[in-house]
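Here's the structure, in structure tokens; my notes come after.
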Amino acid sequence: MSWAGFKKSVNRAGTTLLQKTGQIERTVDREFADEEAKYRIFEKECQALQKDSKAYWDAMRAMSAAQGRIAETLETFYGAADQSSEGAMAGHAYKRSVDDLDSSFNREMDGPFRTTISEPLGKMCAYFPIVNEHVAKRNKKLLDYDSARSRMKKLIDKPSEDPTKLPKAQQEHDECKEMFDMLNNQLIEELPQLLDLRVPYFDPSFEAMIRMQAKFAEEGYEKLSGVQRYFADNVRDDYAAGQLDAQVENVLQEMRELSICGGN
């Protein structure tokens, strides 16, 4: 930072302190404050959306990986018991279906998710530091303006013996006001435009998200439906009637009767 920049930072810090103590009047622009408040909500929501979309995709990856491990274990479990049984064939079919789903996920969904969702979100969020820089610059120029206005007012209320001070203070005031008004008006005009663009910008991403979720669900249903043919037709009815729970409880009871499980 240059000496002039350092001096300005010190002067602005002093102005801020004097404003807090009521010694310098602070300009309040309600129109800008309203637009900035709406922008801050948009900024926060976009950043949360970026974070949550990444968490969602990481969870999808983790689910696919966990499903693969479950299928591998079940295939080994049933195959070791009796490779010719319906359970072994179901385990093998389940493993094959899960592998197909995982391949499809990596091949057909991972790239499109990055292209249509992750990257657009990242590009939108990349604008926020730029906008925030303009807001920060506007706020600094506001401090300069308030400070210059205060100095000019003091010279008007209590004229100096040096006749050049008031014209100089007036010129400084006018220059600060012009710079502040330019930045302030630009933000008041363009912040609403940025927010208005959010819906058409995110429309393709929203549609892509729905289509990918539907595709994943449809493929999952199609693949896993093929595994159901290895189970008896009445399994679903037995489950609804609570009979499967009774079967599980009977097997558990047999386990309890074993010496190694009974604790005797």
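Quick caveat: nothing in here was measured; it's all calculated off a predicted structure.
For the residue pair Arg151/Ser147, the side-chain donor-acceptor check at 3.5 Å is satisfied. Checked by atom type, the side-chain pair Glu175/Gln171 shows a donor-acceptor distance below 3.5 Å. A donor and an acceptor atom, one from each side chain of Arg96 and His92, are located under 3.5 Å apart. One side chain, Gln170 or Asp174, offers a donor N or O that lies under 3.5 Å from an acceptor on the other. Side-chain contact, Asn185 with Arg138: no donor N or O sits under 3.5 Å from an acceptor N or O.
By the 30° and 60° cut-offs, the orientation of the rings of Trp57 relative to Phe105 is parallel. Ring orientation note: the planes of Phe42 and Phe128 are nearly perpendicular, at an angle over 60° on the 30°/60° scale.
Other residues, nucleotides and ligands place no more than 12 heavy atoms under 6.0 Å from the OH atom of Tyr127.
Proximity of a side-chain donor or acceptor of Thr116 to a complementary backbone N or O of Ser205 within less than 3.5 Å is not detected. A distance-only check finds no donor-acceptor pair linking the side chain of Arg40 to the backbone of Ala37 [under 3.5 Å]. Between the side chain of Ser64 and the main chain of Arg61, no donor-acceptor pair closer than 3.5 Å is present.
Residues forming a side chain to side chain contact (heavy atoms under 4.5 Å, CB included) with Asp34 (at least two apart in sequence, or on another chain): none.
Residues Arg114 and Pro120 share a closest heavy-atom pair of O-CD, 4.0 Å.
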